[in-house]
Structure formats: structure tokens, C-alpha cells
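What follows is one structure encoded as C-alpha cells, with my remarks underneath.
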2 protein chains.
Amino acid sequence: MRTHELVLRQVEADLAAGKLRLGDRLPGERALAGELGVSRPSVREAIRVLEAMGVVRTAVGSGPDAGAVIVADPGSPLTATLRLHLATSHLPMGDIVQTRVLLESWAVREAAGRATPAQVAAARQLLDAMDEPDLPRERFHLLDAEFHVALASLADNVLVSTIMASLREAIHGYVIAAAPHVPDWAPVAALLRAQHRAVLAAVADGDGDLAAALVAEHIQGFYKASRVG
Amino acid sequence: MRTHELVLRQVEADLAAGKLRLGDRLPGERALAGELGVSRPSVREAIRVLEAMGVVRTAVGSGPDAGAVIVADPGSPLTATLRLHLATSHLPMGDIVQTRVLLESWAVREAAGRATPAQVAAARQLLDAMDEPDLPRERFHLLDAEFHVALASLADNVLVSTIMASLREAIHGYVIAAAPHVPDWAPVAALLRAQHRAVLAAVADGDGDLAAALVAEHIQGFYKASRVG
DNA sequence: GATACCTTGTGGTCTGACCACATGGCTGAC
DNA sequence: GTCAGCCATGTGGTCAGACCACAAGGTATC
């Protein structure tokens, strides 16, 4: 067992035992090294891994926010992992699109009829923002991503929402890079806007099957048109 | 930008540009540090993160397998991340079960009618192994997990398979820990075996809807009975 | 009483050293 | 000439000690 893994195991044990809770601070690197009888570099390597897994957040300086604080952010590591493996081209883009369709279809079906008017209104605000003329394309895609994540969140499952958000973020760069493949952007944007409205309306009406079908068509249509991947 | 992040960015860029491919070796830690003008500890921290993300595997010694080799293992980081966040109790078990149901239902629906006889036979072998009398319970659950992952793999989507496998592994410890809640194990095991057979039969018959319904009932029933979480 | 300063503790980084390990070539015996 | 054993080499793994940048919070000053 490498030394930094020993530190990791110890921290995980403390987390599972409740000795470390959300918002708590880890002992300082020097103190932790002393407690466990290891060197500071080993502690630092362990903290890097915890940071990469979204378990701690580090900050320099002094005060209550400084040091390594326990957080719960399963999203960032997922996003980073997906992005890296996409970069190696060992994760087919088609599989990601298929997974998105599957997750989002399920989410809107779940959300249909359950979503509160306030939630629907919040999602509609995003769509309104996307209606603005002369909206830069990059901004359009960002709002688009936000809308899809908001949709997924309506199903009230943090794991699904997290996976969705990570998928969206991980492929965002590829969507932007594929922009040249859609030279005549205006009509495409108009279609996407209309599809968004239709999906949201179906959710608000409680028609889960329709919402699921619409969202699937929307996603698959976009990727087919933009030839991402 | 912290120094180790600079190293990470560089490696990711090389991966995306194709300068680093699966199976390639990273330069040695000392060489990489020299190339990028950073210190060896910073390089090591970056490699720890890459290792945690399943992008490289390190080995000591000499020869072709030594050093940091590029691999593609999106599963381990997913599993580790899920496990850690489960440990902090900030990932509800109910959400995980729900996600399993959704992914597996989709997978068997996809697999139905498409799975080859060889694939079905391979899955059936796992079920045959689970029929063995006096099978230790731990071994039963391991085979069970293998069967479910095999089912998910039939849908031919590496992302879904990976997520499934990670979910299964991350909760395995909790399933074992919940064993005392099911004191009368024999009839439960018999029910699970029968359900497995039924699901596989539906897949082989090409009846996707039935397979999806059966697998959903199977998963939800087990968690309800064992009160995991 | 308000402001500027400085002490203190945090993570961030670097240097240089030594260890354990596995390979692969070298050396010696046969 | 062949083979077994040995050791040089290069790899990651670990450590100790030092210095820096930073931010908070107390402290001295006006």
C-alpha cells in the first residue's frame, strides 16, 4: 500500500464513521502528516486525489474558509473524468448521446405532472433568455445546457442530475467546436427554441410520454445535424 | 493556476492532440518536470490525479511496463467517487437504486432481440453458478453483480455499462452489511434466482417490455426486502 | 474609534537526497 | 558456445527541510 493511499483510507474511514462531516476542515497538511507518521508530500498527494473526487476543497490563507474543507461535489470529478476519456477517444460520442437521451427521457417523464409551477417558470425564464436576438452562439449553448440540466433536476434524483450535468459539460467543448458544421444557424436555433418550448409545455401538462418523445427527438436531431463527434 | 494543474492541462492537451495514445508511456517524472519547468512533486501530484481518473497506471521498476502508462479505465474513478460520496451520506441510496432501475430497464429493453445466443449463454452460465447449493452468500452477491453488469453490457453502450458496474461495486459493501436484515436467506435466494431466469428468458425471447418490467421489479423488490441504505 | 500594520498559520512549491524494485546486459563458470 | 548468476541502471516511492504567497485577525498607532 502506497503511503498516500494510507492517508486516503484513513480519511475515508473518518468520513464513513462520521468523524468528518460536510463543512469540517481536515487537519493541516503538516499536522495530518505528523498524526499518521507520513511525510507532507504523501499527505498532499492524497489531498489532490480527494480534491479530484470532489470530496474536499482547498484554499490558502487563514480564517474559517482556509485549508482543506469537506465538500460534496460529485459532479466535477465526473465531468473531468468524462472529458479526459473523451479526449482519448475511448468513449464514443454516440454512447454519450444515447445515454443523454435515456436519462433525459426518463427525467421529463418523471417530472411531468410533478413539477411545481415555480419550477416550470424558472425553466421558462431560461427559454425566454434564449429568445433574445443577436444572442452569441456560445451563450445560446450555455443557456441550452442550463435548461437541460434544469429539466433533469425536476425528476428529483441527485445522481441523475449530476450525471446529466457532467455529460453536458463534458461535451460542451465539442458542441462549440462543431459550430462550423451548421453554417446557417438562425433556422436551427429557431427549431431548437420551438422544441424546448414544446418539451416544457408537455411537462407542465403532465404528459410524460409526449415530453419523453419530444426530448429524445430534440437531442438526437441536434447531434445528427451538427455531426458532433 | 496551480503548478500540478498546469501539468494536467499539458497531458490532457497531448491526449486530445493524439500525441499520447493508449498504451504509451509518459516521460519519467524527472524528465517531465524538466520539460515543463516544474518540480517533481508537482508532476507527481498531477499523476496522482490522472491515476485517480483512470487515465494512467503507474508501476515501479524497469522494463516496458514500468512508469506511467496511458490506460482507459473510466470505471474505477466512478466507483471510487460514488463510494466516497456514499460514505459521506450525501448521495441517497434511493437515488442510486432508482438510477439502477432506469439504466437496467433500458439496457434489457435494448438487448432484447439483439443479444446473440452466445451472450445469452454466457449470462446463463453465471446463473447456473448461482444455483450451486451451499454457495456462500458473499459469493452469491458477487455473481449477482456480475450477472447484472453482463445484462447491461448487452445493450452495447460502454458508458451505461460503466456506470452500471460502478453503481454495483459502490453499493456492494452496503448489500453485504445489510445481510442481517434478511435472516431467512434461502427463500429469498430462490426468488432472486427465479427472477434472474425470467429476465434472461424475456431478453432471449426478444420481449423488451417484459424484460424491463421484470428487472425493475427484481431490483426494487430486493432493496425493499433488504432495507439497504 | 478608525485605520494601517504585522504576526500567524495556511496551502503551494522547490531542492536534493535516499530507498525499493524490476529489468537487461554483463561476467564468470562450465 | 551456453548458461546461470550478478550488478548497473532507471523507474516510481518517500522523506526532510526550506522558502514563498496569501488571507485573517489581532495590535499598535493616529
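Chain naming here is simple, since letters A, B, ... match the order of the sequence lines and numbering starts at 1 in each.
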From [atom1] of [X] over to [atom2] of [N], roughly how many Å is that when rounded to an integer?
X: A/Arg57; N: C/dG12; atom1: CZ; atom2: P; value: 11 Å
X: A/Leu6; N: D/dT14; atom1: CG; atom2: C1'; value: 13 Å
X: B/Met1; N: C/dT13; atom1: CE; atom2: C1'; value: 16 Å
X: B/Glu5; N: C/dG11; atom1: CD; atom2: P; value: 16 Å
X: A/Arg2; N: D/dT14; atom1: CZ; atom2: P; value: 7 Å
X: B/Glu29; N: D/dC15; atom1: CD; atom2: P; value: 15 Å

Could you report the tightest heavy-atom contact between [X] and [Y], atom names first, then the distance?
X: A/Ser42; Y: A/His4; value: O-CB, 3.4 Å
X: A/Leu22; Y: A/Ala72; value: CD1-N, 3.4 Å
X: B/Leu200; Y: B/Ala123; value: CD1-CB, 3.9 Å
X: B/Glu110; Y: A/Gln98; value: OE1-NE2, 3.9 Å
X: A/Ala152; Y: A/Ala107; value: CA-CB, 3.8 Å
X: B/Gly61; Y: B/Ala66; value: O-CB, 3.3 Å

Check whether any side-chain N or O of B/Thr58 sits under 4.0 Å from OP1 or OP2 of D/dT11, and answer yes or no.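 No, B/Thr58 has no side-chain N/O under 4.0 Å of OP1/OP2 on D/dT11.
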
Near DNA chain D, under 4.0 Å by heavy atom, which residues of residues 31-50 of chain B?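 Contacts with DNA chain D under 4.0 Å: B/Arg40, B/Arg44, B/Arg48.
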
Over 60° means perpendicular and under 30° means parallel, so tell me whether A/His148 and A/His218 are parallel, tilted or perpendicular.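 The rings of A/His148 and A/His218 lie parallel, inter-plane angle below 30°.
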
Aromatic ring pairing A/Trp185/A/Phe140, orientation class (parallel under 30°, perpendicular over 60°, tilted between):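 Geometry flag for A/Phe140 against A/Trp185: perpendicular rings.
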
Are more than 12 heavy atoms, taken from residues, nucleotides or ligands other than A/Arg9, located less than 6.0 Å from that residue's CZ atom?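 12 or below, so no.
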
Residues of residues 59-71 of chain A with any non-hydrogen atom less than 4.0 angstrom from an atom of DNA chain C: list those, numerically ordered, please.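 Here the set is A/Ala59, A/Val60, A/Gly61, A/Ser62, A/Gly67, A/Ala68.
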
How long is the span from the CD atom in A/Glu12 to the CG atom in A/Leu20, to the nearest 0.5 Å?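 Those atoms lie 11.5 Å apart.
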
Checking the side chain of B/Asp24 only, and the main-chain atoms of B/Arg21 only, is there a donor and an acceptor separated by less than 3.5 Å?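 It does hold such a pair.
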
From the options D/dG13, D/dT11, C/dG12, select the nucleotide whose nearest atom is closest to the side chain of B/Arg25.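 Within the option list, the nearest is D/dT11.
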
Specify the residue among A/Arg30 and B/Glu51 whose closest nucleotide of DNA chain D lies further upstream toward the 5′ end.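 Whichever sits nearer the 5' end wins; that is B/Glu51.
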
Short heteroatom pairs, N/O only, protein and nucleotides 2-4 of chain C, under 3.5 Å:
none

